[in-house]
Engineer: 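One structure coming up, written as structure tokens, with questions to follow.
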Amino acid sequence: MYERCRVFVLVAVNAVLPPTKKGGPRLPATAPPGASAPPGFIPVPPAAIPSYLTHPEALVDGEGELSLFFIGAPALAAPFFLFRLKRLGFSRCRAAVRHGGIALTARR
């Protein structure tokens, strides 16, 4: 319970007041052991949320699609993810609560 609250606060703060974009993307690509993401989604561990919310455009595939799975994120965090992506110019933003986190899709 405490961990989910901590992840919610981390998402809310970084979506509304993101870190500056100095130096380009620094995206750790490792998920915690035992964490699973739905097929086709990039797993995002809680410690990496600030980096992924600062530079989501670095994870867009060749077709302009973004598919991220935020491990351990509670359902209340979904509007903050959507707010951040829309503010950065993404369209067709969708968040779905799945077992173990939030699956987020968008198009650039």
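Quick note: residue numbers are just sequence positions, from 1. Since we're looking at a predicted model, the values are computed, not measured.
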Engineer: Are the side chains of R84 and P56 in contact, using a 4.5 Å heavy-atom criterion?
Structural biologist: no

Engineer: Within a reach of under 6.0 Å around CZ of R107, are more than 12 heavy atoms found that belong to other residues, nucleotides or ligands?
Structural biologist: yes

Engineer: Where is the tightest heavy-atom contact between F8 and P74, given as atom of each residue plus distance?
Structural biologist: CB-CG, 3.7 Å

Engineer: Rounded to the nearest 0.5 Å, what separates atom OH in Y52 from atom CD1 in I42?
Structural biologist: 6.5 Å

Engineer: Would you mind checking if E65 and R92 are paired as a salt bridge, meaning a charged N to carboxylate O distance below 4.0 Å?
Structural biologist: yes

Engineer: Please round to the nearest 0.5 Å and tell me the distance separating atom CG of L85 and atom CG of L66.
Structural biologist: 6.0 Å

Engineer: To the nearest 0.5 Å, how far apart are CG in L104 and OG in S67?
Structural biologist: 8.5 Å

Engineer: Considering all heavy atoms of both residues, which atom of R4 and which atom of A73 are nearest to each other, and what is their separation?
Structural biologist: NH2-O, 3.7 Å

Engineer: What I'd like to find out is whether the side chain of V11 reaches to under 4.5 Å of the side chain of V9, using heavy atoms alone.
Structural biologist: no

Engineer: Please give me the minimum heavy-atom distance between P43 and I71, naming the atom from each residue.
Structural biologist: CB-CD1, 3.9 Å

Engineer: Checking F80 against L53 for the side chain to side chain contact (heavy atoms under 4.5 Å, CB included) test, could you report, in this order, the C-alpha distance in whole Å, the side-chain angles of both residues, the deciding distance, and whether it holds?
Structural biologist: CA-CA 10 Å; F80 291 97; L53 288 180; over 6 Å; no

Engineer: Return the OG1 to CZ distance between T105 and F41, rounded to the nearest 0.5 Å.
Structural biologist: 6.0 Å

Engineer: Rounded to the nearest 0.5 Å, what's the gap from CZ on R94 to CD1 on I102? Could you check?
Structural biologist: 16.0 Å

Engineer: Work out which heavy atom in C93 is nearest to a heavy atom in K86; give both atom names and the distance.
Structural biologist: SG-CD, 3.6 Å

Engineer: Testing the basics here: between P50 and T54, what is the closest heavy-atom pair and its distance to 0.1 Å?
Structural biologist: O-OG1, 2.7 Å

Engineer: Would you say that more than 12 heavy atoms from the other residues, nucleotides or ligands in this model lie under 6.0 Å from the CD of E63, or not?
Structural biologist: no

Engineer: Do you know which two heavy atoms are closest between G89 and R108, and how far apart they sit?
Structural biologist: O-NE, 4.0 Å

Engineer: Within this structure, what is the SG-CG distance for the pair C5 and L10, rounded to the nearest 0.5 Å?
Structural biologist: 12.5 Å

Engineer: Check the angle between the aromatic planes of F70 and F81 and answer parallel, tilted or perpendicular using the 30° and 60° thresholds.
Structural biologist: parallel

